[in-house]
Every structure is written in structure tokens, then in C-alpha cells.
Amino acid sequence: MDFQLSDDQRALRSGMRDLLGAVFDRDRMRAAVERGGALDRSLWRELGAAGFFALRLPEEAGGVGLGLPEAVLLFEEAGRALLPGPLVATHLAAGLVKGAAEGEAVVTAAEGGGRPVADLGGADAVLVGGGAGVVEGERLEVLTGEVLEAFVAGAVPVRSMDPLTPLHRVEGRWEGAGASEAYPGALRREGALLSAAEQLGSATRTTEMAVQHAGSREQFGSLIGSFQAVKHLCADMLARTEPARSAVYAAAVTGDPVEIAAAKLLADEAAVRNARDCLQIHGGMGFTWEADVHLHLKRAWLRAARWLTAAEAEELLAADLGPVRPLYSGSAALG
Amino acid sequence: MDFQLSDDQRALRSGMRDLLGAVFDRDRMRAAVERGGALDRSLWRELGAAGFFALRLPEEAGGVGLGLPEAVLLFEEAGRALLPGPLVATHLAAGLVKGAAEGEAVVTAAEGGGRPVADLGGADAVLVGGGAGVVEGERLEVLTGEVLEAFVAGAVPVRSMDPLTPLHRVEGRWEGAGASEAYPGALRREGALLSAAEQLGSATRTTEMAVQHAGSREQFGSLIGSFQAVKHLCADMLARTEPARSAVYAAAVTGDPVEIAAAKLLADEAAVRNARDCLQIHGGMGFTWEADVHLHLKRAWLRAARWLTAAEAEELLAADLGPVRPLYSGSAALG
Amino acid sequence: MDLAYTEAEEEFRGRLREWLAGVLPSLPPKPSPDDWPARRAYDTTWQRMLYDAGYAGLHWPEDAGGRGATPTQHLIFLEETERAGAPYVGANFVGLLHAGPTVAAEGTAEQRARWLPPVLRGDEIWCQGFSEPDAGSDLAALRTRAVRDGDDYVVSGSKIWTSHAEVADWCELLVRTDPEAPKHRGISWLAMPMDAPGITVRPLRTLAGSTEFAEVFLDEVRVPVRNRVGAENDGWRVTMVTLSFERGTAFVGEVVACRRTLEALAAEARRNGRWDDPVLRRRLGRLNAEFRALWRLTQANVSESERTGGVPGIGGSVFKLRYSGVRQDLYEAAAEVLGGVDAFDLDREWTLDRLSSLSYTIAAGTSQIQRNIVAERILGLPKGR
Amino acid sequence: MDLAYTEAEEEFRGRLREWLAGVLPSLPPKPSPDDWPARRAYDTTWQRMLYDAGYAGLHWPEDAGGRGATPTQHLIFLEETERAGAPYVGANFVGLLHAGPTVAAEGTAEQRARWLPPVLRGDEIWCQGFSEPDAGSDLAALRTRAVRDGDDYVVSGSKIWTSHAEVADWCELLVRTDPEAPKHRGISWLAMPMDAPGITVRPLRTLAGSTEFAEVFLDEVRVPVRNRVGAENDGWRVTMVTLSFERGTAFVGEVVACRRTLEALAAEARRNGRWDDPVLRRRLGRLNAEFRALWRLTQANVSESERTGGVPGIGGSVFKLRYSGVRQDLYEAAAEVLGGVDAFDLDREWTLDRLSSLSYTIAAGTSQIQRNIVAERILGLPKGR
């Protein structure tokens, strides 16, 4: 039983970290903040060239031919770096929307149900369900061209709390024209999992930031990291991150919907609460625009409201505790 | 605006503390634990003689003629001292059941709805609603004599978690004979408030126990109370107790059902969580039978399940946030 | 213990309500949050109205130009103005509630005559120069230096978290006058005119995107020695004394505001259907209990202060500890009530409030510091470690 | 990273299941919890059955009489025996999982030959004499003294939290052999025969009303010097070394048991109607996420231990910190599921379990200690204060 990253996976992850360090360092991140998260097409193409979107397409379709575990590692790095843009939707659209895999097309998703629609301005395509959105609809539609224009015209831009994510409000059901055969349930699950991976990366990063600050800031003649109150906040951050990590990685391996729900629930909580604790440890400085911690918190809140909310995940996980479910499911036992 | 105890109220409280110190010191409390909380009739009569049960009866009816605020102070002391027996029900029965006011009769209450019935063995009377209990029924019945015997015969004793409170299970609805005119809603509210007062006393006491232990136990070469982790647990205990205290006292003054719900909710939480934290601070010693902390915790859990549960209180408090409720109710403004 | 208001208190409340009902409709519209001069004008206009009606400096002693009101009257004043939607104390905060009381308690007759009347009339506003970037929670570790040069102090250093710095006339400034003394014993309190040369104000953007605060850089700013309140190096005590003016009323307006917000949340949840979710509904019910209790605790603290004539005993830190957490919970619940995209729309008031609420467990003593205070000063646990 | 079991592991699991299915029905009924001799007999009978089937000392090295199983095989063994409802390790715990591994790692050939085989066969059981009333979380502050007298140590002092003391043959005892040395450097590890004169065992009643533990009083008990494992004053290191035997598997059975309990809670809630309360239902859903994650974290720790050959890095303390809290939540939820009087009925298994769960955040290092360990040893935060 092997639940450790392989050497290839480690290499993939560090390659992604190196790439982001080169094309999206802190200066570029803060520049993206100042322009309100408006998309950087050249960055998008660089991600495409690196295989970020085509990662799970089969090699014969021009993809990298890897799986969800590898995708999760890349999205974890994206979350840690606060990489903006509709990463999840474009990744899901690779193979569905021309140019998505290469980073030429920017694809976002309308999940329906009053949820925020991110990065709609300038998107080349939008994934919606046949009904109210990817989440609620039963069939998947890809909106482009004039249909997309009509959709965008009906959407209302909002002043987004997250400066890295422009948002629109989309109300009512979308009565589109053509519909593909794809079943959006799988997309929704994968979207939830990849978001969870981003949350995991963010939770890891805010833990590091908190520890770094606690180990360098002095108050009352001591490093604040020597105070138990601060120490214990940091310890609890790690105790949120590591179970979430195991849940996310396992869900990526099994693809099981219930495991994905667990992963999203715990990763959302880890990202949000770790960002809160990181802010608390930073004190007044954490309350400033200049500190990055608020960017993690706002993004974490936003991701928690997308793809699969806590209420939905908990109900799914409760339903799984059914009386007729066999204790063993195949030889993997606790599965 | 006066929200301080009067001199008379302070005197009443310290009188009660002195009385309990004399008739129910720690040795007697532990003796009561060893006999499973079985009632001590002579203690009961001493409480009666001191006016504990007759406190709110008018003087012309042989009572002390005081009000809910004074009753709350006495029950707070009872909670702090872990005084056993159906104190709340007998107090409520003063004037309804012969001998209750004097401490000659022992009266308990069957609240219905599957709730635990305490101290049924040896009770001289039981208050039940016309339906399933004081809580659920619409009319109040007082069971005595043969009717009581039949009721007791239908009840099943359980092995009680709280060694100071014998419990019975009573199932189904009680189809009694005669019914008084009294409306049990008021009894239920007063029962909830007096229980909340007991919880407040318990929460105060476990805070003191935690502080006392933290200030005398050494570990790693220091008093454990000098560690922030312990200090902050103690601070949070006080930050639970004091708002609960204000809520309980205010509810006693106003008698308002919504304030009583707030008082019960917060006092239950303070009692339970303070007992938990007190146990944690005591470490292994807190896990032993010899330490008193488990007696507070078990009692606090039990009281939280009686008269008004958290779920019920929260729904009541939510209903109070109605759209048509006027902002001002009379001159007391936020009332 | 009866919670009833006296006849005199009821009369005071009645007159105040009547006055508020009369004047509030005549107020100009609120200025934009980023227009500091307009905000100053709006706030000081309100202060002048209070002054003319006899409500200015309600809780100040009469010999300082105040009304010498009881803590209960002050509570009623704060409760009623908040309920009526009257303007906040805003730009007058430091003058009325901190610097003014300090001058009233510790200033000379000349100082009182110079600084107090303009505060009461709304003619001058003050800002606060206490916090420093490197001091943080450890306020007494401040490093801004003041060196005596003839009749002046020459002050250099920097301050942070200063509200209304751009439009203030005066700054109550804590400076280090003796760097050799133990940290609490080398501090002095100065009134610094904000138009003195050498002062640079730089707006400090918060995570909510606003510029509610500023950094203030001081480069050899000359402050006359006669502007010092209290003895040299006695500034820490001078500052602490002021806190006794508050007498349990510090959070009256905020608790009233929270209860109004909670009612509004319930109304919105009933409107948009989220009321049907028992998890959310019970959460709102619990918040109702919390804020009711905090209101009662406020009354208890004020009542205790009225009886003892001093600061409430276990009141302040215990209150703040609980209140900051619960108020953050309120805005978490608000995000649930809004739900979906609305919870991320900065044009929704609660969304901004949610961001602002993040400071409650940090500002004016973090919750960690409050717990230390409660544990050591109230519960008597040993210091250290 | 594929979470798949190898063919050999699947084969191991299959054989084990088959064997369990065959032998479990033949087990005698479980003894009463208060009948210690019967409990010993029951537990050692089971151990003998494991021995005869080749499962005894599965994770012990082969040269110690064990099977040299991989951590994954050990995980499978613990998972399957728990799922099948096999007896717990019970009275064999200290021998198999603590004292035995210590002797195997640090003992002489004679010591290994004397003490290990009887443990594997279920012939002898051990108890643990580490904790002391005054030491608590600060285990190394232990004061039980051992003074050399010829070929014996003469031991006086007292131990606490000793399980199975009444029926144990041996006690792994930590004693202070050099009171002058720094506290970690004056400790020795002794195997004390429980029938030696001077030992008094007094049952210690827990808040659950049971006598799962005892206090052990030692009054000039003579323990032969040859019973010391490791060098004199090197007992602390000897004890710590043993922990590396665990390799991430310490909580396998417990997590499996918690998941079974959670399924049973859901079934009960569906039966008694409380499932319709969304607050409770969502709480159970959340616990499902927590225990699923803890199971995956267990697999990650075991897998890491298998790869590195040592103890898992960030595994142990992080796991215990989260697990103890969540397991307490599980039993709080159980009380909600039972509801009413049932939640206070000690004849309901979950009610007793709820009481026992109170020790999880205390025993084997309080959650406060775990947080210190995580913060200092894993995150690298500075010691002190």
C-alpha cells in the first residue's frame, strides 16, 4: 500500500513551483491584485504551454496523459501562489472547448443556484448546465460566440471582495440552445476536488506564513512564537492541514464522490480557518492591504462557496452513512 | 438603573452558602454520591425550614414573599454545592402540593418527551402535564397516592450517569385522572430559569476549582497556571460565566420567556464547557472518581437536557427575531 | 437589582428621543467614506448640534465643561442615539472619549481652557498617536523619541493606526522622553499640533480596501513643552487614568448596533428563504442569546461603575473577549444569510462589515492579550511563561 | 501514490479474514469488566490462538520471535481484527506493544530469551509503571527511587494509571537511579516481578466508575540488577527507542472502531427519528469526513514509515491532536443521537464510552503538550514561555 508521492509526482510539483516562481512571483501577484484580477493572457498561455490545462488529456489527444493525483498537486501549487483566473473551469474544459488545453481559450463555469460566477469578463467560453448551471443542470452546455455575449449581457458585475477574482451575478435559469452529451456531475466533482486542492495549498502557505512571522516578530522582549498562545494556534493550523491533505490526495486517487465531499469540506475549513489564524498571528499588520494574508482568506471564502458547499458536503457525507451500505467495498476494505 | 445585588440579596446568598456549608459540606456531598443520590429527608426538611422551597410563596400563605431574583441566587448556591434532589420541582410545587413549601414533601416533575425523570423513587408527588409531561401538556396534574404508585410502577429505573441524580425512564403519554387549572407553561419557564441558575453556580465553581488547581500544581518546574495554554482556558471560562450570569439575573428580573431561553442556553453551555475545561486543567486527576469535577460535568449535562434544551432555546430565540416585533417594548427599551 | 430606570432617567430618555426625532431629519446626507474633509465637517456639525442642545460632553465632569451625567444617563444617550440612527461620534472620538478626558483629569487650568471647549463645540478634532509598527500589542515598547531643546521637545519616530490624521487639529502623542528608564517609566504625553512642520501622514489601506487609518511619520517635529500633560516620564500613568472615564459604556452603541443587524439578518433570511435552514436559523437564535447577554452585561458593568464610582471590576476585558468573538460570528452568519454571490459583493454593507470585523480580535488588545489580562489580573494566576 | 494493496498484502488479508471467520465463533463469551482474572484469561487465550496461527508479534523483528511484518501488514492485521470484532489486545498490550519491543531492542540475549517468548505465547502479561501522581505530563520528573544494594535495586515510590496491575506478572518500571543528574539522565528501566514483596496495588476508580487503572505503591521492593534493560541512568533513551516500533499503526484499530460507531449512530438516528434534524444529521456527515480523513492520514503515516523505515515525521502528534478532539465530538454526537434519558443511561454502551472519551485529550500527553510538540519539533517555533 503506497500513499506517498512518487518521484515523478514530486518532480511535477517542484516543477510547477519553479514555474510559478518564474512567471508569477510576488510582484506579479500584487500587480494582478492592483488590476483587480483581470486576466493575463500571456500568463495563461504559459500555463497552457506547461501542460497545466492539458494535464489529464490523453497523449493521443495532445495531452500529458496524467491523472487526478497529478492535477491535484498542480492545483495545490496554484492555491499556494494565489494564481488567479478560472483555472479549474479551463482545466475541466480541456478537450471540450477548443484552445482550452493549450491555454489559448479562457473558460469559466456558471454553477447556478445564485453562486458567484468568476472571471466572466473576457472569457472565451462558459460551461453551464442545461438548466441553472454546471452544478444543478443535467446536461452540459458550452457557451461561446453570440450565445456567450447574450449570457454576459444578462450577468451583473459585482464589486468583488476578492481582488484577484472578478465576479458576476447571474440570476434565473439559463435557457440555452444546444447541449452536449457530457454529464456535468463528473465535472462538478472534479471541480470540487481541484478547488479543494487549491484550498490545501493555501492552508499550507498560511501556516508557513504564520510560523515565519511568529519566528521573527518580537513583542514583550520575546519572539511571539515562544508564547504558547501563538504556538498552539500554529499547531492547530497544521492539525487542520494534514488530515485535509490526506483526504484530498486520497480522493484524487479514488475519485470517490463521498471522499471528494470529505476533501472539499476539510480543505475549505483548513484554508479559511488557517487564514484567520494567520491573520490573528500577524496582528495589526495582518489587517493591512499590503499583507498577503487577506488575499488567502478572501479566496478561501470564495472557493468554499463554490462547487460544493459545506452544507452540501455534509448532507452527502451523511447520506453515505446509510444503513444498507456494506462495511467492505471490494478488497480495499475501508476504501 | 440598578443591576447590582441589593444588600438583602447579598445577605440571602451568603446565608445560603453558610447553610450549605453547615448541612452539606464536601463530606456529606461525597456520602450522597456513594449512596447514589438517594434523598436525605432530614436535609430536605432543613432546606424547607430555611425557606428554600417557600421562598416565593406570599407571606400570607406562610411563605417568605420573595421573587425570582432571590430564588435564582439560592439555586446558584445549590448548583455550586452540587446539592442533590428535585430542588426545582419541589420549589415550583410550593403552594401546589401540601408539605412542599415546608420540605416535608418531596416533589419531582415528569417533563415528558423522553426526558429523564429525576428522583422519582421516594417522591411524594409528581408534577405532570395533562398530556405527556409538564413541558408538553397543557394542563398540570399533581400525582400522589395510588395514582403516583401506578405512575412509578410504569417507570423504568436506569443506571444513572450522574451519581447524585437517580433517573427513571417514562414512556408514552400519561393519561391521568384529575387535572388542576394551573398552566404548566409558566412552570416550565421557571424550571428552566432555576436550572440555569444552578448551571451558573456550577460554572462559577468549576472556574474557581480550575484556578485553584492551576495556582498550586507544578509541572516542568512551574505552576501550570503560569502557562498561557492553561491561563487562556481559565480566562475563557470566566468569559462564559459572566455573560451567562447577566443573562440569568436579567431573566429573573424580567421573567421574559425569551430572556429565560437565552439564560438557559448560555448557562448550560457555561456549565458544560467550564466543567470540561476544569477537567482538562486537572489532567489525569480530573479523570478520577475522587475529584469533584466529574460530578459537575455529569450534572451539567443532565440539566442541559431538562426543561429547555439548546435546540428548543435556539428556536425560541430565533422566533423572537421576528419581522413584526417592535424595536422598543415599553420604556425599558432593549428590555 | 431591578433593571428599572428611575423617573429622572426616563425623563432624560424621553427628552433625548424627542430632540433626536426633531433634529435627525434635518441632517445633511452622509458624506462618502473617502472624503475626509467632508466627514470631518459632517461629524463636527453633529457635535455642534449636540453642544447647542446641551448633550456635548455628557459624561465629562461639570468643571471640565461637561454635564456630569451618571453612567446610566450616558448609557441611555449612547443607546438612544444608536437606535435613532444618529451620526457616530466619528471624528470627535479621540477628543471626546480619550484626549479630552485625559486633559480634564491631568491637565493644568490653562490646558483645560485651551483644549476642552473646542472639543465640546466641535471646533477642533484630535487624533491618537500611540501605536507604533514595532510595538504592536506591546504598546509601552514605543520608540518615538522626544528630546528636550529649550522650550520644545523635538520629536522623531512613527505612529500607526491613526484615524482622522489627515483632518485632525491635534494629536495626543505618547513619546519616549527617557530611553534609559524601564519601558513604562520613560514615556510622556504630548498634545502635538497637526500642522507642525515635519509631520507626514500616509494613508494606510486596510484589507477592506479603505483608508480608515494612517501612518504618521515625525521628523524632528517641535512640540512646545507646555503641551505636555502630566509630569515628564509620567505619560503611561496619565494615559491609563483616562480609561476610568469610560465606566462600562465603551461598547453600548456597538451592542445596540449588533442587535439591530441581527434583526435585519433575520428579516433578510425570512425574505430570501434561508430562514428555512434550521442550521442557520438556530445559529441566529444563538446570536440573539449572545447579544442579549452582552447587553445585560453592559448594564451590569455600568450599574457597577455607578455604584462604585470607578471602572467595572471584571467588566472590560471579559466583555471585550466575548464580544469580539461573537461579533465576528455575527458577520459569518451574515455571509450565510446573504449566501452565494451576495456574500462577496462589496456593495452589500454586511460584506464590508465582515471584513472590518476581522480587526475586533486584534485591535485595542488582541484576544490573546485580553485572556492574559483576565487570567492574571482578575483570576490572579501567576505571570510569566 | 495509488493506495492499492499489493498482491501479497491482499493474500495476507484474505488468509487472515478466513482464519478470523473460523476461530471467532469458538471464542468464549466476554468476561465481566470487573473480573480481572477472567479478563486476563480471556485475553491470553486469544493471544495463544494468535500465536498458534502465526500472528503473534506480527510487527516484531524475526530475531525476537516476531514475524517481521511490514507496517502495511500490521495495519491490515489491526484493521481486520477490529472489523471482525476480534478481542482487543487487552492485557497483552504492554507486553506486546511496549515492554516487549523495549526488551527486543535493548535487552541482552538472556533478557530476550527470558521475557519475549512468554509474551508472544500469552503466558505472561506485563503492566507499565511509568506515570507518577506528582509527575503527570512531566513524565521525566518521576521520583520513584532505586538504590543499589548488592545485586538488587531497592525501589520505593508510587506509580499511577497502571492497567492490569492486579493480574500482571511483570511491570516495566522507570525509576530514578541518580537523583543528582538532570532529570532525563538519572532514570533506569527495570523489569519488576509483580509478586515481589513490598508491592501494594490499589484500584483507582475513574469518573466512569470503572477500575481500569490502579495505583501501585512500592515499599523497598527488591529488583535484581540483572532485570535492568539498558545501562544504568539510560532508561529515558531506552524508553523512547521503543516508540519507533509503532510505525504509524498506533490508532488503526481505534479509527476503524470509530467509523463503525459512526455507522451505528447513523442507523440509530434513522431508527429513532433524530435523523430528521438537519443539525444533527450534518454533524454526523462532518464526522464522516473527519474519520475518513483520519483513516487516510493513518495510511499516509504507515506508508511513510514503510518507505523511510522509521517513525512517521509529522504523523504522530498531529494525528493524536486531531483525533482526540474528533473522537470526543463523536461521543457528544452520540449523546445527541440517544437523546433524552438514554444519554444518561450507563447501560447504553455509548454513554460509558462518552465518559471514557474524556481522557483522550489528557492521557499519553495532553492536547496542550501535543500542541507544544507540534509547534516546537515539527514547525520549529522557539521553546520557552
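Each chain gets a letter, A, B and so on, in the order its sequence line appears, and its residues count up from 1.
Residues of residues 154-163 of chain A placed with any heavy atom under 4.5 Å of a heavy atom in chain C are listed by number as A:V158, A:R159, A:S160, A:M161. Contacts between residues 324-335 of chain C and chain A, defined by a heavy-atom separation under 4.5 Å, are made by C:Q328, C:E332.
Ring planes of C:H184 and C:W236: perpendicular class, angle over 60° (limits at 30 and 60°). The aromatic rings of A:F287 and C:W161 sit tilted relative to each other, their planes meeting at an angle between 30° and 60°.
Looking only at atom types and distance, the side chain of A:H296 has a donor-acceptor partner in the side chain of A:S202 under 3.5 Å away. There is no side-chain donor-acceptor pair under 3.5 Å between A:Q219 and C:D138. Counted by atom type alone, C:T351 and C:D345 present zero donor-acceptor pairs between their side chains at under 3.5 Å. Judged purely by distance below 3.5 Å, without hydrogens or angles, the side chains of C:Y323 and C:E254 pair a donor atom with an acceptor atom. Under 3.5 Å, the side chains of C:S158 and C:E215 contain no donor-acceptor pair of N or O atoms. Under the 3.5 Å distance criterion, with hydrogens and angles disregarded, a donor-acceptor pair is assigned to the side chains of C:T177 and C:N233.
Shown here for A:T108 and A:A123, the closest heavy-atom pair between the two residues is CG2-CB, 4.0 Å. The two atoms that bring A:L87 and A:E198 nearest to each other are CD1-OE2, 3.6 Å, heavy atoms only. In terms of heavy atoms, A:H168 sits closest to A:L120 at ND1-CB, 3.5 Å. The shortest non-hydrogen separation linking A:G191 to A:V88 is CA-CG1, 3.7 Å. The two residues C:A38 and C:P31 have their closest heavy-atom pair at CB-CB, 3.6 Å.
Heavy atoms of A:H282 lying under 4.5 Å from chain C are absent altogether. Neither the backbone nor the side chain of C:D277 comes within contact range of chain A; no heavy atoms are under 4.5 Å apart. Heavy atoms of C:D342 lying under 4.5 Å from chain A belong to its backbone as well as its side chain. Interface remark: C:L139 contributes no atoms to any contact with chain A (heavy atom separation under 4.5 Å). Heavy-atom distances place the side chain of A:L297, and not its backbone, under 4.5 Å from chain C. In this structure, the portion of C:S356 lying under 4.5 Å from any heavy atom of chain A is its backbone and not its side chain. Neither the backbone nor the side chain of A:R306 comes within contact range of chain C; no heavy atoms are under 4.5 Å apart. Only the side chain of A:L167 comes within less than 4.5 Å of a heavy atom of chain C; its backbone N, CA, C and O stay farther away. Looking at A:L233, the atoms closer than 4.5 Å to chain C (heavy atoms on both sides) all sit in the side chain, from C-beta outward. With a threshold of 4.5 angstrom between heavy atoms, C:L204 approaches chain A through side-chain atoms but not through N, CA, C or O. With a 4.5 angstrom heavy-atom cutoff, C:A135 touches chain A only via backbone atoms.
Chosen from A:A305, A:A229, A:G283, A:G286, the residue pairing most often with chain C at heavy-atom distances under 4.5 Å is A:G283. Annotation: maximal heavy-atom pairing with chain C below 4.5 Å, among A:H294, A:Q280, A:E290, occurs at A:Q280. Among the candidates C:A141, C:A363, C:G340, the residue making the largest number of heavy-atom pairs closer than 4.5 Å to chain A is C:G340. Chosen from C:N372, C:T366, C:T361, C:L352, the residue pairing most often with chain A at heavy-atom distances under 4.5 Å is C:T361.
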### Task
Evaluate the criterion side-chain contact (heavy atoms from CB on, under 4.5 Å) for residue pair A:V211 and A:I281; output intermediate values, then yes/no.
CA-CA 9 Å; A:V211 169; A:I281 288 168; over 6 Å; no
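None of A:R189, A:K264, A:R188 except one satisfies the salt bridge (charged side-chain N to carboxylate O under 4.0 Å, His left out) rule with A:E312; the exception is A:R188.
In this structure, CZ in A:R299 is found 10.0 Å from OG in A:S195, a value given to the nearest 0.5 Å.
Judged by the 6.0 Å distance and 45° axis criteria, C:R354 is positioned over the aromatic ring of A:W301.
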